[in-house]
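In this chain, numbering begins with 1 at the start of the sequence shown. Computed from a predicted model, the values in this text were never measured in an experiment.
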Amino acid sequence: MHWLDRTKIPLFHTTGNHTAYDPASERVFRETLAHLPRNGPPGQEGLTYFVRRDDLLLVFVNTLWSGHGGEGRVETTWLDQTLSDHADARYRLVFGHHPAHSVKGHFGPHELGIVPEDGREFWDVLVRHRVLAYVCSHLLTFDVQVHQGVLQVLTGGAGRTRGTLHCVQAALDSDGLRYQVLDTSGGIKAWLEWPPHLPPSESWMPFGPSNEPQKLRCEIEGSDSGEFMIAWCLSGIIGSSRDGEAQTLLSGWDDCPVPAPVWIGLLGRKCRVAVLLSKAPGRSPSYWLGPSLPPNEPFTVQLAFHTGMGPGGVLWRKDDRDPWSTLPSASSHGLERFPWPSCWSTAHGQRGATDRPFRGRELQVTWHVQAQQLGR
């Protein structure tokens with residue numbers, strides 16, 4: 001980064017496992033990067049710090065301080081107080097090295113992510129203070145997901161593997177956060193505008209009777225890229241789950257015998273909400289697993305697919321008032337280049353009324369889809 005004019009564009013560093021992994025390297029980090037603020041917690045001056053610029057607050061946390069136990073550990077008391085002291089900042093971003101949430105099914109306390117006990121407390125602080133995003137690295141990939149309305153953006157784009165090389169170009173203003181991920185040829189690998197702005201679910205379009213397959217078009221006027229976000233609101237009363245057989249809420253399929261590309265329903269005796277995506281014939285589906293719903297009780301749940309977020313783009317929330325969260329999954333792919341189905345059915349699968357039927361009652365499904373602008 002020697003080409004950068006740091007008098008005009010400041011450069012702020014985070015600690016990492018290649019630069020600050022023991023007391024000696026921490027001392028070198030402080031000496032080499034003497035321009036970094038010394039406003040962190042006791043013992044972490046120059047390793048953990050914050051920067052305030054008008055309405056923008058940037059907080060840099062150290063996820064591997066030797067005085068706290070090394071890799072995967074993070075301090076939260078100072079972080080909580082700093083975010084409280086700067087509650088008037090309109091934009092709040094936190095940066096660190098290790099992810100707090102599992103990335104594409106890969107997670108190991110200490111070495112691959114923040115240890116669970118620290119991670120839960122850390123994320124609770126971010127949610128409580130309505131931080132927009134936690135930006136991290138460590139793993140050689142790009143991944144984005146959201147938990148309780150807070151983004152985790154992981155960008156490990158300087159790896160040795162050709163497929164992981166990338167950079168992230170971002171903008172932050174009154175409309176929120178926008179970014180695009182560029183590969184070595186300048187092509188856009190992923191993109192996002194956050195937060196999403198959806199109309200109230202009361203205005204979403206209803207599906208017709210469950211015995212009539214629906215045509216659901218996602219070619220949106222005004223979208224040059226064909227990218228979109230689609231959301232569903234599903235409600236009803238759960239039926240018996242004693243035998244644990246799958247129950248369909250919504251299924252998207254084509255007129256062919258292969259498994260449905262999209263299946264949304266309930267799995268097991270605990271009636272766990274699940275999304276199954278099948279990208280190719282003869283391949284097992286990828287699973288995204290959500291909350292369990294109590295039998296014989298009314299339920300409402302909203303699900304959404306965002307085609308620009310990769311595996312983190314399968315989202316859920318309880319209702320309009322709740323923040324979106326990514327459903328956990330071990331998949332390395334999401335809705336990108338997905339073969340979108342042409343036919344849809346509610347309360348049963350593609351093979352008719354006896355195909356994984358919903359055994360509850362009063363199932364209602366509404367949906368909304370809107371274009372997402374790529375590379376603005």
Before accepting this row, confirm whether a basic side-chain N of the pair [X]/[Y] lies closer than 4.0 Å to the acidic partner's carboxylate O.
X      : Y      : result
Arg27  : Asp22  : no
Asp54  : Arg90  : no
Asp243 : Arg359 : yes
Asp118 : Arg73  : yes

State whether a side-chain donor-acceptor pair under 3.5 Å links Thr354 with His348. no
Quiz question: by atom type and distance under 3.5 Å, do the side chains of Thr76 and Glu121 form a donor-acceptor pair? yes
Okay, side chain of Ser278, backbone of Pro261: is any donor-acceptor separation there less than 3.5 Å? no
Donor-acceptor contact present, side-chain Gln350 to main-chain Ala260, <3.5 Å: yes
Within the supplied structure, the quantity of interest is the number of heavy atoms (other residues, nucleotides, ligands) at a distance under 6.0 Å from [X] [atom1]; does it exceed 12?
X      : atom1 : answer
Arg269 : CZ    : no
His18  : NE2   : no
Arg38  : CZ    : yes
Glu45  : CD    : yes

After noting the C-alpha distance and the side-chain angles of Thr63 and Glu71, does the key distance pass the side-chain hydrogen bond (donor to acceptor under 3.5 Å, both in side chains) rule? CA-CA 6 Å; Thr63 60; Glu71 279 203 63; over 6 Å; no
Give me the atom names and distance for the closest heavy-atom approach of [X] to [Y].
X      : Y      : result
Leu276 : Pro285 : CD2-CG, 3.9 Å
His129 : Ser84  : CE1-OG, 3.0 Å
Val61  : Leu79  : CG1-CD1, 4.2 Å
His166 : Gly157 : CE1-CA, 3.1 Å
Pro200 : Ser203 : O-OG, 2.7 Å
Leu177 : Ala170 : CD1-CB, 4.4 Å

State yes or no: are the ring centers of [X] and [Y] separated by less than 6.0 Å?
X      : Y      : answer
His306 : Trp194 : no
His86  : Phe50  : yes
Trp344 : Trp232 : yes
Phe29  : Tyr21  : no
Phe228 : Phe305 : no
His147 : Trp324 : no

Rounded at 0.5 Å granularity, tell me how far [atom1] in [X] sits from [atom2] in [Y].
X      : Y      : atom1 : atom2 : value
Gln145 : Asp143 : CD    : CG    : 5.0 Å
Leu33  : Leu11  : CG    : CG    : 8.5 Å
Cys136 : Gln152 : SG    : CD    : 4.0 Å

Is there a side-chain contact between [X] and [Y] (heavy atoms, below 4.5 Å)?
X      : Y      : answer
Thr248 : Asp355 : no
Val125 : Val94  : no
Trp288 : Pro328 : no
Leu154 : Val144 : no
Leu132 : Val150 : no

Output, in order, the C-alpha distance, side-chain angles, deciding distance and verdict of side-chain hydrogen bond (donor to acceptor under 3.5 Å, both in side chains) for His197 and Asp175. CA-CA 10 Å; His197 300 286; Asp175 291 331; over 6 Å; no
Should the ring pair Tyr49 and Phe60 be called parallel, tilted or perpendicular, given that the plane angle runs from 0 to 90° and is split at 30 and 60? parallel
Start with the C-alpha distance between Trp65 and Thr15, add both sets of side-chain angles, then the distance that settles side-chain hydrogen bond (donor to acceptor under 3.5 Å, both in side chains), and finish with yes or no. CA-CA 9 Å; Trp65 182 44; Thr15 55; over 6 Å; no
Stepwise, does the salt bridge (Lys or Arg N to Asp or Glu O under 4.0 Å) test hold for Asp85 with Arg52? CA-CA 11 Å; Asp85 293 343; Arg52 177 72 185 264; over 6 Å; no
Ring pair (Phe, Tyr, Trp, His ring centres under 6.0 Å) for Phe12 and Phe95? Distances and angles first, verdict last. CA-CA 10 Å; Phe12 300 109; Phe95 298 81; 9.1 Å; no
Please assess Thr48 against Asn62 for the test side-chain hydrogen bond (donor to acceptor under 3.5 Å, both in side chains), listing each intermediate value before the final yes or no. CA-CA 5 Å; Thr48 293; Asn62 183 11; 4.8 Å; no
